[in-house]
Amino acid sequence: MAPYEALYGRRCRSPLGWFEVGETKLYGPDLIHQAIEKVKVIQERLRTAKSRQKSYSDVQHHDLDFEVGDWVFMRISLMKGVMHFGKKGKLSSRYIGPYIILQRIRQVAYELELPSKLEFVHPVFHVSMLRRCIGDPSRVFPIKYIQVTEDLSYEEVLMAILDQQVRKMRTKDVASVKVLWRNKNMEEMIWEAEEEMKYKYPYLF
């Protein structure tokens, strides 16, 4: 059988042989009226599908608006095999920055203050390529108070033990202590193994 008949379960009727022998034939206005009715059904279903897709998009859509002086991250495309800002492919970052906004060019365009290594990049970007950088000044520590090593890491120092607890497991009891590190605030207190803390900081016990 023909592919059309295999897919739809009936033979394809072309204008050369539209009807079977003995069927009533449609001429002129009746055929046009039938086609118009089918077009109306198609248009109505397209409007329904468009409205449904729009409702899905509106849930996640929100307008972005920045002010001069705000810090933003800049999005870069992840096209395969394209070099962006010194990195290629899957190793390239989704966002770089943050950079400060110098001025608002249009309703949806902003000029950023880019570093000298990006001088070949045009500094004006569409709002869809920017993402707000939310900073917390209380979490920023001066570098002079932190001894950073050559691999850009630093060692935390235990300041105080605030609480103790013993968790009963199936075969043993596990003792832990709630500690406060030097470069953390009160909301970032964590539980550590008491035995390990005693070994590293015996003077606190």
Side-chain angles (χ1 to χ4, degrees), residues 43 45-163 177-192 197 200-201 204:
Q43 291 177 342
R45 292 184 180 179
L46 287 175
R47 282 194 293 268
T48 303
K50 180 180 179 181
S51 177
R52 181 172 62 252
Q53 295 295 333
K54 183 177 183 300
S55 65
Y56 296 156
S57 178
D58 290 344
V59 173
Q60 301 179 352
H61 177 77
H62 59 278
D63 295 331
L64 294 177
D65 189 19
F66 304 106
E67 301 292 339
V68 176
D70 289 348
W71 290 86
V72 294
F73 291 103
M74 183 175 63
R75 186 179 67 181
I76 55 178
S77 61
L78 296 177
M79 296 177 61
K80 185 176 181 181
V82 178
M83 183 79 71
H84 286 286
F85 307 104
K87 296 184 180 181
K88 182 178 181 180
K90 292 189 294 185
L91 298 179
S92 61
S93 305
R94 294 185 62 186
Y95 295 90
I96 59 174
Y99 306 114
I100 192 171
I101 294 179
L102 297 180
Q103 62 174 330
R104 186 170 187 169
I105 305 301
R106 295 188 183 87
Q107 185 71 18
V108 293
Y110 296 88
E111 181 182 357
L112 305 183
E113 182 181 5
L114 300 179
S116 57
K117 64 179 180 179
L118 298 180
E119 58 182 4
F120 60 91
V121 180
H122 194 273
V124 178
F125 299 91
H126 190 267
V127 67
S128 62
M129 299 183 64
L130 305 178
R131 184 174 184 179
R132 189 181 306 276
C133 174
I134 302 176
D136 186 357
S138 64
R139 297 178 181 268
V140 179
F141 295 93
I143 192 64
K144 62 181 180 180
Y145 298 128
I146 304 177
Q147 298 179 357
V148 181
T149 60
E150 294 181 356
D151 60 351
L152 299 180
S153 63
Y154 69 95
E155 182 179 358
E156 275 285 14
V157 178
L158 184 62
M159 300 298 295
I161 296 176
L162 305 179
D163 196 3
V177 291
K178 197 172 189 179
V179 299
L180 177 63
W181 298 102
R182 178 181 60 183
N183 297 317
K184 306 291 184 181
N185 52 30
M186 296 296 292
E187 290 77 11
E188 296 176 314
M189 296 181 297
I190 59 176
W191 291 92
E192 299 283 358
M197 294 297 102
K200 292 184 177 180
Y201 309 97
L204 293 177

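Looking only at side-chain heavy atoms (C-beta outward), P115 and Y99 come within less than 4.5 Å of each other.
Residue R47 places its CZ atom among more than 12 non-hydrogen atoms of other residues, nucleotides or ligands, all under 6.0 Å distant.
Across all non-hydrogen atoms, the minimal contact from V124 to A109 is CG1-CB, 4.1 Å. Nearest approach of M74 to L112, heavy atoms of both residues: SD-CD1, 4.3 Å.
Rounding to the nearest 0.5 Å gives a distance of 12.0 Å between CZ of F125 and CZ of R75. With rounding to the nearest 0.5 Å, the separation of CD1 in I101 from CZ in R132 is 7.5 Å.
Looking at S55, its side chain does come within 3.5 Å of a backbone N or O of R52 through a donor-acceptor pair.
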#### Entry: Residues V121, L114; criterion side chain to side chain contact (heavy atoms under 4.5 Å, CB included); working and verdict
CA-CA 8 Å; V121 180; L114 300 179; 4.2 Å; yes
### Task
Report the C-alpha distance between D65 and R104 in whole Å, list the side-chain angles of each, state the deciding distance to 0.1 Å, and finish with yes or no for salt bridge (charged side-chain N to carboxylate O under 4.0 Å, His left out).
CA-CA 10 Å; D65 189 19; R104 186 170 187 169; 2.9 Å; yes
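Remark: D163 engages K178, W191 in a side chain to side chain contact (heavy atoms under 4.5 Å, CB included) (not counting sequence neighbours). When the ring pair (Phe, Tyr, Trp, His ring centres under 6.0 Å) test is applied to F66, the partners found at least two apart in sequence or on another chain are Y110. Residues passing the side chain to side chain contact (heavy atoms under 4.5 Å, CB included) test with I100, sequence neighbours excluded: W71, L102, E113.
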